Amino acid sequence: MAEAAAFGAARISAMRGAVRALAARPDFVYLAGQEGPEAGAPLDPLSLAYALTETSPSAESALNGLPPRMRVTVALASRPASGSLGERILFLLKKPQVLELYTLAAQRDEECLADYDAAAEAAMSPGERPDAHVLENKLLTTARRLKAQQVYLDVLPLLDNAWKNPERVQDSMLKALALDSENPLALSALGEARLQLDRPLEALECLSRAIRIKPDFSRAYHSRGITYLRLQLPAMAGSDFGEAVRLSPDNPDYWRDSATAWLIQEDLPAMCRAFAQACRLGDCSGYEWAVEKNKCQKEDF
């Protein structure tokens, strides 16, 4: 338990160090400033550090029940792309939806560690202490959450436009959820993997659980919308795409797929508006198709 928490703390500290090291590189500063996401949203350096590096922990034995002393080695990850650091950064900056997941993972790491620190501080407080059994369970639960996070981070480099190895992702996310059944990132990834494995009803259950736990999770809404389309429920898909667009209005994929749902429902004006917005954000594939088929009038952007 203590080792998992110690590694979580060491991993966060190492990633912050990686941010400082990356910030000292002119190529990183230039690319981060020039090639940010289409909408110009502020780039999160910690997300890039999580995405560009991988950590290798080692622990020295603990004394008198104290948490073990951790050593974490940080190196450039072998995935998601090979090549120079600049090439890797460009690869990631073209996939803001993937970077968003690294941002959420970093935030969850911080939340887990804050919970662990609060419980540990309460356990060592000289004043009136909470029930020892309750504290032990809280410490154990938080340590398991941190361990589940590492399982998730280990497979996240497999995500491109879809998961490259959905069978492995499914197996890993089941392990992560055995440690932390309320992890919305793992639930969403499991749902997406199961959809790729042609198991849409199981995917729907996972994605709905992820949304219940994290109601502002735009990717989960989008993935559930895709699942509803697979199940031939375009109205429900359109509702989920609408929520994804509301939460992440600068994501062209969400607008494009929203247009697809409107097309199936034969609402051509709504379809054209969604395709046009996707095009304004950089994805003109659907809009160009609709203009070519005389379903939408060509606009000047």
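Worth saying up front: this structure is predicted, and the values here are computed from it rather than measured. Position 1 is the first residue of the sequence; numbering continues from there.
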*Grab the two heavy atoms, one from Ser181 and one from Leu187, that are nearest each other, plus how far apart they are.*
O-CD1, 3.9 Å
*With a 4.5 Å limit on heavy-atom distance, are the side chains of Val291 and Gln297 in contact?*
no
*asked:* Looking at every heavy atom in both Pro200 and Thr227, which two are closest together, and how far apart are they?
replied: O-CG2, 3.3 Å
_Within 6.0 Å of CH2 in Trp262, more than 12 heavy atoms from elsewhere_ = no
_Nearest atoms (heavy-atom pairs only) where Asp267 meets Ala270_ = OD1-N, 3.2 Å
_For a 4.5 angstrom cut-off between non-hydrogen side-chain atoms, does Leu195 reach Leu207?_
no
*What is the distance from atom CD of Gln170 to atom NZ of Lys175, rounded to the nearest 0.5 Å?*
12.0 Å
*Does the side chain of Gln149 come within less than 4.5 Å of Leu185's, by heavy atoms?*
yes
*Identify the heavy atoms of Ser188 and Ala210 that sit nearest to each other, and give their distance.*
N-CB, 4.0 Å
*Measure the shortest side-chain to side-chain distance between Asp109 and Tyr50 over non-hydrogen atoms and say whether it is less than 4.5 angstrom.*
yes
*Considering only heavy atoms from C-beta outward, does the side chain of Glu100 approach that of Ser218 to under 4.5 Å?*
yes
_Test your reading of the model: is there a side-chain donor-acceptor pair from Asp160 to the backbone of Ala162, 3.5 Å cut-off?_
no
*So do the side chains of Tyr152 and Leu101 get within less than 4.5 Å of each other, counting heavy atoms only?*
yes
_Pairs touching residues 184-233 that satisfy ring-ring contact (aromatic ring centres under 6.0 Å, His included), sequence neighbours left out_ = His222-Phe241, His222-Tyr254
*Verify side-chain contact (heavy atoms from CB on, under 4.5 Å) between Leu190 and Val169, making sure each step is shown before the conclusion.*
CA-CA 7 Å; Leu190 179 59; Val169 173; over 6 Å; no
_Worked check of side-chain contact (heavy atoms from CB on, under 4.5 Å) between Tyr287 and Lys298_ = CA-CA 9 Å; Tyr287 178 73; Lys298 187 173 179 60; 4.2 Å; yes
*What residue pairs, at least two apart or across chains, pass salt bridge (Lys or Arg N to Asp or Glu O under 4.0 Å) with a residue in residues 178-198?*
Arg108-Asp180, Glu192-Arg219, Arg194-Glu202, Asp198-Arg230
*When rounded to the nearest 0.5 angstrom, what distance separates CZ in Arg144 from CG in Leu140?*
6.0 Å
*Please check if the side chain of Trp255 supplies one atom and the backbone of Pro249 the other of a donor-acceptor pair under 3.5 Å.*
yes
*Within residues 233-244 or reaching into it, pairs that qualify as salt bridge (Lys or Arg N to Asp or Glu O under 4.0 Å) - sequence neighbours excluded*: Arg224-Asp240, Glu243-Arg246
*Mind checking whether Arg145 and Leu179 have side chains closer than 4.5 Å, heavy atoms only?*
no
*What's the shortest heavy-atom distance between Phe275 and Arg256, and which atoms?*
CE2-O, 3.7 Å
*What's the shortest heavy-atom distance between Asn251 and Gln97, and which atoms?*
ND2-CB, 4.1 Å
*Is the backbone N or O of Leu146 less than 3.5 Å from a side-chain atom of Gln150, with the two atoms forming a donor-acceptor pair by type?*
no
*Could you state the interatomic distance from CG (Asn183) to NZ (Lys214), rounded to the nearest 0.5 Å?*
10.5 Å
_Return the OG to CG distance between Ser258 and Leu263, rounded to the nearest 0.5 Å._
11.5 Å
*Spell out, as yes or no, whether a donor-acceptor pair under 3.5 Å connects the side chain of Asp283 to the backbone of Ser285.*
yes
*Trace of the side-chain contact (heavy atoms from CB on, under 4.5 Å) decision for Gln107 with Glu110*: CA-CA 5 Å; Gln107 291 172 352; Glu110 297 271 12; 5.7 Å; no
*Would you find a donor on one side and an acceptor on the other, under 3.5 Å apart, between the side chain of Ser239 and the backbone of Ala235?*
no
